[in-house]
Structure formats: structure tokens, C-alpha cells
S.K.: 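One structure follows; several queries about it will come next.
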Amino acid sequence: MDTDDLRKSYIEIVASVREYMEEQLRLGFLETELREPEKKLPYADFDLPNLTADAESCTKCPLHETRNSVVFGVGDTSADLMFIGEAPGADEDKQGEPFVGRAGQLLTQIIEAGMKLKRSDVYIANVLKCRPPGNRNPASDEVETCSPYLIRQIELIQPKVIVALGSFAAQMLLGTKTGITRLRGEFHDCQVAGLNFPPHKKPPVVMPTYHPAYLLRNPNAKRDVWEDIQQVMAFLTDG
Ligand code: URA
């Protein structure tokens, strides 16, 4: 064999090894060996008590300077159903619990009178854990800084369904800028980058709907929310 022949057979061998590896990869056999390891999100190793403690002493964004409480979340930590709102308001900031003001009372009515569940049967949290002063909208850097807490919360609670209350929660969970009116009314796959569910657990589906504070200003929209909630109830019963 001369050098040219050697080079040719070397190229053929490399090509066939490559073809074999690509086929194995396509079939999923080499998943762990060849793929780039997924970047671990912050808090990936935290359990709920550690995560809560970390959030309660968080100073990662300026909201810590004006908050009275960190409003981490409340409810059944193994609930199938999770409600996610935007950020604590004045009442929540005072009491340290999400959805306890007027909008919260409406949410509690939806859960208890509408769904015939106890508020304590579900888990309730927000995208931001601290109150934006004057109830202004969350800033995008605040959402970015705070969302690892919510992502880990979702991983630990492992809900089947998340009801996203209003556009901030819906857009964060679905990785979109589409408005709530277009998103609501149907289930979407959760699109949170890096959300890590065990292989035997289906990641949650997301039902976006109007925020209860919007319903206080627009009571006609309650009909739409009730339709969305009925779909959620059917999903939890059937599948
Ligand atoms: N609005 C929210 O989005 N969350 C609360 O906890 C209260 C009001």
C-alpha cells in the first residue's frame, strides 16, 4: 500500500465511524456521551427548604431594598396544579403570602367555589418573589434574575398543570412575547429553558389565562377564565 492508499482508507474509516456514531446519536444511544452536557441552572441541587432560605436572604436585585417580605410561595408542595402570578402586591408584601389581596381573594374563589378544591391543595407562586414598588410591572432584568427560583420551584413541585395568571407569567413560561389574549384558552408545552424533570415525569402543560386583577377591572372576562379553568379541571381528571 502506498501513502495515497493509506490516506484513502484512513478517510474511509473515519467516515464510516462518523456515520456509525451519528446513527447511534440519532437513535439516542449516545445521548450522555456525545452531547454537550446541559448547563446546570443555579439552585439545581437545592431542595425546597434551602431554596426558600436562599430566596429569603436574596439581594440579587434592587427590589430587596424596598421589600418587607420575600413572597416565595404557598400550598401543597406536591400539588398537581400550580398557579403562577406576576409579583407580590402591597398586601402580599405585608403578609409574606402570594395572592392574599383583592385579586388573591378572587383567585381563592376560583379555586374553592369554582374548582371545588381547597386553596391549600394547590401551590401558588409568582414570577417575582419581591414587590416592585408602587406595583409597577416587573422589569425584564428582575424577571431574569428571579426566574431561577421559580424554575427550581417548578422542578421540585413537579406539577402536571401550571395556570399562568396574566401575560408576565405566560410569557416567561412559554418563552414568547405574544399577548395573553392570544395565548389563553389552550394548553401549551412549558418552554422554560433548562427545566429539568425526571425522565419518568411529563413536564407540566401550561394554561395561560387572565390575571385575577384584570378580572376585577373587566368582570366580563370571568367567562373566559372559567372556560380555561374547566379545561384544567378536565385535564386533571382525565390525564
Ligand atoms: N398579583 C400577583 O401577580 N401576585 C400576587 O401574589 C398578588 C397579586
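Atoms within a ligand are numbered from 1 in the order they appear, just like the ligands themselves.
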S.K.: In Å and rounded to the nearest 0.5 Å, what is the CD to CG distance from Glu86 to Asn135?
M.R.: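 Separation between the atoms: 9.0 Å.
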
S.K.: Need the ligand 1 atom indices (1-based, order shown) with element for anything under 4.0 Å from a heavy-atom of Glu86.
M.R.: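 So the atoms of ligand 1 that pass are 2 (C), 3 (O).
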
S.K.: Which ligand 1 atoms does His211 reach within 4.0 Å, using its non-hydrogen atoms?
M.R.: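 It comes down to these atoms of ligand 1: 1 (N), 2 (C), 3 (O).
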
S.K.: Quick one: are Ile111 and Leu81 in side-chain contact, heavy atoms under 4.5 Å?
M.R.: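 No. Closest side-chain heavy atoms not under 4.5 Å.
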
S.K.: Show the atoms of ligand 1 that are less than 4.0 angstrom away from any heavy atom in Gly85.
M.R.: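 Listed by number with element, the hits are 3 (O).
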
S.K.: Under a 4.0 Å heavy-atom limit, does Pro98 contact ligand 1 with its side chain, its backbone, both, or neither?
M.R.: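 Pro98 to ligand 1: contacts from backbone and side chain alike.
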
S.K.: Under 4.0 Å, heavy atoms only, figure out whether ligand 1 is touched by the backbone of Glu92, its side chain, both or neither.
M.R.: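 The side chain, only.
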
S.K.: Which class fits the ring pair Phe235 and Phe187: parallel under 30°, tilted 30 to 60°, perpendicular over 60°?
M.R.: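 Because their plane-to-plane angle lies in the 30° to 60° range, the rings of Phe235 and Phe187 count as tilted.
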
S.K.: Between Lys129 and Asp54, is a salt bridge (Lys or Arg N to Asp or Glu O under 4.0 Å) present by the stated rule, with each step listed?
M.R.: CA-CA 12 Å; Lys129 308 302 185 208; Asp54 194 281; over 6 Å; no

S.K.: According to a 4.5 Å side-chain heavy-atom criterion applied to Ile, Leu, Val, Met, Phe, Trp and Tyr, with indirect links allowed, do Val232 and Tyr214 form part of one hydrophobic cluster?
M.R.: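 Linked, Val232 and Tyr214 end up in one cluster.
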
S.K.: Looking at atom 4 (N) of ligand 1, what's its closest protein heavy atom, distance included?
M.R.: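 Scanning the protein heavy atoms, the shortest distance from atom 4 (N) of ligand 1 goes to Asn126 OD1, 2.8 Å.
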
S.K.: Name the closest protein heavy atom to atom 2 (C) of ligand 1, giving the residue it belongs to and the distance to 0.1 Å.
M.R.: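 Here the closest protein heavy atom is Ala87 O, 3.1 Å.
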
S.K.: Measuring from atom CZ of Arg217 to atom OH of Tyr210, what distance do you get when rounded to the nearest 0.5 angstrom?
M.R.: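 Between atom CZ of Arg217 and atom OH of Tyr210 there are 12.0 Å.
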
